[in-house]
Amino acid sequence: MPELPEVETIKRGLSELLPGRVIADVWHDWQKSFPNAPADVARFMVNAKIESVRRRAKVLIIELSSGYSLVIHLKMTGQLVFVNKNEQKLENSNKKLVNNINSQFLFSNSSREARFGGGHPTDSLINNLPDKSTRVVIDFQDDSKLFFNDQRKFGWMRLLPTIEVPQIDFMKKMGPEPLEDDFTVNKFINNILRRRQSAIKAVLLDQTVLAGVGNIYADESLWAAKIHPAIPAGQIPRTKLIKLYSELRRILTMAITKGGSTDRNYVDAKGKKGSYLTFAQVFRKENQPCPRCGTIIEKIRVAGRGTHICPKCQKMIYTRDIRS
DNA sequence: CACTTGACCTGTCCGC
DNA sequence: TGCGGACAGGTCAAGT
């Protein structure tokens with residue numbers, strides 16, 4: 001769910017809210033989410049000040065004044081929700097007013113629904129925390145709180161010495177970020193072709209090739225570049241890869257300016273369904289017409305993932321390595 | 001080594 | 001209405 005644009009959006013939000021705040025207490029109930037020893041938490045988190053919030057691919061890094069950092073991966077259902085006590089009081093006394101300001105202190109899939117979708121049931125999220133998905137609560141000295149919620153328990157949070165963060169395994173293996181200035185089209189093509197026999201979609205999802213792309217943006221960029229997701233990477237003409245490079249960067253950049261997307265469908269208070277993938281062209285659009293040619297979009301399975309294609313725009317036409 | 005599949009979880013949705 | 005099962009997707013371990 002959270003891919004690069006979503007994590008970037010969360011990072012930008014937390015960057016405005018957390019730095020300068022001092023941790024008063026930390027509660028956590030779940031070893032997998034937050035396996036650090038209570039003694040370490042007490043020693044390196046309590047009384048520490050938040051210095052900065054950074055992002056590497058889909059990973060958030062909250063740097064503390066103690067020389068330690070919180071490294072956070074939200075995986076599919078993780079949320080980071082910041083709640084300011086004053087706002088909470090306001091919520092209790094004047095619900096309408098708070099609905100309008102929810103977005104400034106909620107950073108989660110639900111908050112994006114709130115922001116882009118208008119009123120809906122999760123407007124009341126702020127009243128319900130902690131809930132049963134809450135794994136970690138960080139209390140600040142000014143009585144504001146940061147909640148880490150994760151329904152499916154795939155996400156995690158680790159407290160590590162800041163200087164060791166780049167050394168941990170999955171950080172070292174991570175490939176380049178698609179939006180970095182020095183990530184050139186040639187680098188992109190060379191990295192793609194490192195996995196010549198794999199389906200192009202599997203390559204885009206491989207974080208050692210390219211860090212930050214997930215299922216939504218893989219489908220969207222392959223549709224934009226008119227490439228079938230199951231084509232072996234090595235069989236794609238160079239001109240198509242150049243197109244894929246520019247479309248991937250364009251779509252990721254656009255998604256960030258829109259504050260990310262969410263694939264959560266929900267039912268609002270009136271039982272009405274809605275989707276908040278406002279700029280998706282194919283993702284979760286199966287059985288709907290392709291925005292480009294009108295052909296009905298199909299959902300198939302590629303690289304073990306649900307995959308959305310226009311069967312006319314994205315044909316399996318390559319049968320040999322035409323680069324050589 | 002290259003590449004694919006299944007496990008990790010739980011809430012939701014679909015069909016019977 | 002309830003119930004079983006498929007499905008969702010990021011990442012890693014285990015498999016071919």
Side-chain angles (χ1 to χ4, degrees), chain A residues 1-8 10 29-35 55-60 71-80 108-110 113 120-122 125 128 131-135 148-158 168-175 177-178 191-220 222 229-235 252 260-268 271-277 280 282-287 299-308 321:
Chain A
M1 248 183 263
E3 304 181 26
L4 190 152
E6 289 72 39
V7 180
E8 175 65 21
I10 294 167
D29 76 333
W30 186 43
Q31 285 300 305
K32 187 181 168 185
S33 286
F34 194 75
R55 178 188 65 77
R56 171 76 172 100
K58 302 172 188 172
V59 175
L60 282 167
V71 183
I72 304 164
H73 201 308
L74 299 173
K75 292 286 180 82
M76 261 93 71
T77 53
Q79 306 177 327
L80 284 172
S108 64
N109 292 323
S110 299
E113 288 171 3
H120 68 93
T122 55
L125 177 64
N128 300 334
D131 62 22
K132 63 179 176 179
S133 76
T134 300
R135 310 299 168 195
F148 174 44
N149 305 322
D150 187 17
Q151 195 172 80
R152 288 175 67 183
K153 303 183 181 177
F154 288 177
W156 46 259
M157 191 181 264
R158 300 268 189 289
I168 57 180
D169 241 22
F170 79 93
M171 294 291 268
K172 272 199 293 193
K173 285 190 295 190
M174 226 175 251
E177 303 239 356
N191 282 0
I192 290 286
L193 296 181
R194 267 169 49 202
R195 299 270 184 276
R196 298 167 49 92
Q197 306 306 320
S198 288
I200 181 64
K201 175 160 178 175
V203 181
L204 291 179
L205 295 177
D206 184 339
Q207 301 296 298
T208 71
V209 171
L210 200 61
V213 177
N215 211 34
I216 297 172
Y217 298 102
D219 279 8
E220 290 295 312
L222 288 167
I231 296 177
Q235 292 185 13
L252 289 173
S261 63
T262 168
D263 67 352
R264 291 277 280 285
N265 285 347
Y266 77 100
V267 178
D268 71 13
K272 192 178 159 193
K273 284 189 177 180
S275 164
Y276 288 87
L277 278 160
V282 287
F283 194 82
R284 292 268 172 100
K285 303 283 185 186
E286 60 268 32
N287 301 322
K299 185 172 183 185
I300 61 176
R301 227 167 162 78
V302 177
R305 290 280 170 268
T307 299
H308 308 77
D321 189 338

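Labels below follow one simple rule: chain letters A, B, ... track the order of the sequence lines, proteins then strands, and each chain is numbered from 1. Predicted model, so just to flag it, every value in this text is computed and none were measured.
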C:dG10, OP1 or OP2 - any side-chain N/O from A:His73 closer than 4.0 Å?
no
Between the base of C:dT11 and the ring of A:Phe170 - centre-to-centre under 5.5 Å, planes within under 30° - is that a stack?
no
Respond yes when some side-chain nitrogen or oxygen of A:Gln207 is under 4.0 Å from OP1 or OP2 of C:dT11, and no when none is.
yes
Expressed as a whole number of angstroms, how long is the span from A:Asp206:CG to C:dT11:C1'?
11 Å
Would you say the side chain of A:Arg194 lies within less than 4.5 Å of the side chain of A:Thr208, judging by non-hydrogen atoms?
yes
Is the shortest side-chain heavy-atom distance between A:Asp219 and A:Lys285 below 4.5 Å?
no
Should the ring pair A:His73 and A:Trp156 be called parallel, tilted or perpendicular, given that the plane angle runs from 0 to 90° and is split at 30 and 60?
tilted
Donor-acceptor pair (no angle test) under 3.5 Å: A:Arg305 side chain, C:dT11 base
yes
Expressed as a whole number of angstroms, how long is the span from A:Lys172:NZ to C:dC12:P?
14 Å
Looking only at atom P, what distance separates C:dT11 and B:dG11, rounded to whole Å?
22 Å
Roughly, in whole Å, what's the span from CD in A:Gln151 to P in B:dC8?
18 Å
Considering heavy-atom distances to DNA chain B, does A:Ala303 or A:Lys153 have its closest nucleotide positioned more toward the 5' end?
A:Ala303
Just N and O in the side chain of A:Lys75: are any of them under 4.0 Å from OP1 or OP2 of C:dC12?
no
Between A:Lys58 and A:Glu6, is the salt bridge (charged side-chain N to carboxylate O under 4.0 Å, His left out) condition met? List the steps.
CA-CA 8 Å; A:Lys58 302 172 188 172; A:Glu6 289 72 39; over 6 Å; no
Closest to the side chain of A:Ser198, out of C:dG10, B:dG11, B:dT4, is B:dT4
